[in-house]
Trainee: 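The structure is given below, and queries will be raised subsequently.
Just so it is clear, the structure is predicted and the values come from calculations on it, not from any experiment. We count residues from 1, following the sequence as given.
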Amino acid sequence: MADDKDPNAGLFGDDEPELTPEEAHEMMTFGKNPDRVRAMSDLFGEDLIKSALEDPALPEEAKRQMIFKLTANSVLDMIMDSLSPETAEEVAQCLDGYIGVGIVNKKFGLDLYKELYEALNKVEKKEGESEEDYDKRLDEMSDQWWYIPQPLLNQRNPSDAIREEMTKYGLED
């Protein structure tokens, strides 16, 4: 295939530059996603699509929804099955929260993380304040921001808005 890497490229002086730990992390977590998608398509995608499309009882829109839901469910099952039970539970909770943030963002037409970073960027370092104290103050402000009513959320605080959306989908404990 055209996108396959030549394992022998290094033999001819074409070594790829070493990646920083951050670049290696980025490559492992996100950079391989196109390859993962191709592999999952071969693993279950084609069969899933074929079974949905061949069902004459399903209207076209229902087929598309079924394909999406079965695919998403299969991917989530793979992820959770690949983790230890303790890690899977933590990942599930983080994913639920991230989904909640995404739903709030979509509902209100904003980006909560961008709003948080913009608010924190307005905080100036106090005269004589050490870097460590400044970073600690930013961390504390970041934690508090989620509980402060926001104009873009009709004066609701982000934490409550996220929790409310998660509850609608059964994602809140």
Side-chain angles (χ1 to χ4, degrees), residues 1-118 120-121 139 142-143 145-146 158-159 161-173:
M1 296 183 145
D3 60 350
D4 287 347
K5 295 177 179 67
D6 181 0
N8 297 315
L11 297 174
F12 304 102
D14 291 338
D15 288 335
E16 292 186 25
E18 289 256 346
L19 299 176
T20 66
E22 294 82 14
E23 290 169 331
H25 172 76
E26 189 76 16
M27 175 56 75
M28 181 52 111
T29 54
F30 299 106
K32 289 188 177 185
N33 280 350
D35 299 327
R36 292 180 182 114
V37 168
R38 193 172 71 238
M40 285 189 286
S41 176
D42 290 348
L43 179 63
F44 62 80
E46 294 168 11
D47 293 336
L48 186 145
I49 292 168
K50 184 179 175 187
S51 68
L53 294 179
E54 287 179 349
D55 188 342
L58 285 177
E60 287 304 310
E61 180 59 26
K63 289 178 183 180
R64 285 191 292 277
Q65 288 179 7
M66 185 172 118
I67 289 169
F68 171 77
K69 289 178 180 180
L70 289 172
T71 301
N73 191 69
S74 295
V75 171
L76 291 169
D77 283 350
M78 286 178 70
I79 291 168
M80 297 308 167
D81 284 344
S82 71
L83 302 169
S84 70
E86 303 81 23
T87 304
E89 188 171 329
E90 184 177 343
V91 167
Q93 289 173 342
C94 290
L95 182 60
D96 293 348
Y98 196 77
I99 290 169
V101 169
I103 292 170
V104 169
N105 286 348
K106 183 175 181 179
K107 180 177 180 177
F108 290 92
L110 52 87
D111 181 336
L112 287 173
Y113 294 116
K114 181 181 173 191
E115 296 297 324
L116 169 62
Y117 295 133
E118 286 179 4
L120 293 176
N121 281 334
D139 286 344
S142 175
D143 291 343
W145 183 87
W146 296 94
S159 182
I162 294 164
R163 191 175 307 105
E164 180 180 297
E165 294 304 322
M166 289 172 62
T167 300
K168 286 181 186 177
Y169 292 91
L171 301 175
E172 180 64 23
D173 293 335

Trainee: Please tell me if the side chains of Glu164 and Lys107 come closer than 4.5 Å, counting only heavy atoms from C-beta onward.
Mentor: yes
Trainee: Which heavy atom of Val104 sits nearest to which heavy atom of Ala161, and what is that distance?
Mentor: CG2-O, 3.5 Å
Trainee: Which pair of heavy atoms, one from Leu53 and one from Lys63, lies closest together, and at what distance?
Mentor: O-NZ, 3.2 Å
Trainee: Does CD in Gln65 sit with more than 12 non-hydrogen atoms of other residues, nucleotides or ligands closer than 6.0 Å?
Mentor: yes
Trainee: Just by distance, with hydrogens left out, do Thr167 and Arg163 show a side-chain donor and acceptor under 3.5 Å apart?
Mentor: no
Trainee: Just grab all the side chain to side chain donor-acceptor pair (under 3.5 Å) pairs involving residues 40-53, residues at least two apart or on different chains.
Mentor: none
Trainee: For a quick test of reading the model, state the closest non-hydrogen atom pair linking Leu48 to Ser74 and the distance between them.
Mentor: CD1-OG, 4.3 Å
Trainee: Hey, what's the ring geometry for Tyr113 with Trp146, parallel, tilted or perpendicular (30° and 60° as the breaks)?
Mentor: perpendicular
Trainee: Find out whether Leu95 and Leu76 are in side-chain contact, i.e. whether some heavy atom of one side chain is under 4.5 Å from a heavy atom of the other.
Mentor: yes
Trainee: Heavy-atom count check: over 12 atoms from other residues, nucleotides or ligands less than 6.0 Å from Glu90 CD?
Mentor: no
Trainee: What's the shortest heavy-atom distance between Phe44 and Val75, and which atoms?
Mentor: CZ-CG2, 4.1 Å
Trainee: With rounding to the nearest 0.5 angstrom, report the CD1 to CG distance, Ile49 to Leu70.
Mentor: 10.5 Å
Trainee: Just to verify, which of Tyr98, Phe108, Tyr169 counts as forming a side chain to side chain contact (heavy atoms under 4.5 Å, CB included) with Ile103?
Mentor: Tyr169
Trainee: Distance from Asn33 atom CG to Arg36 atom CZ, nearest 0.5 Å?
Mentor: 5.0 Å
Trainee: Could you pull out all residues at least two apart from Glu26 that satisfy side-chain hydrogen bond (donor to acceptor under 3.5 Å, both in side chains)?
Mentor: none
Trainee: Do you know the tightest heavy-atom contact between Ser142 and Leu116?
Mentor: OG-CD2, 3.6 Å
Trainee: If we only count heavy atoms from C-beta on, is the Met166 to Ile99 side-chain gap below 4.5 Å?
Mentor: no
Trainee: Do Trp145 and Leu112 make a side-chain contact, defined as non-hydrogen atoms from C-beta onward lying under 4.5 Å apart?
Mentor: yes
Trainee: Any idea which heavy atoms bring Met78 and Leu43 closest together, and the distance?
Mentor: CE-CD2, 4.0 Å
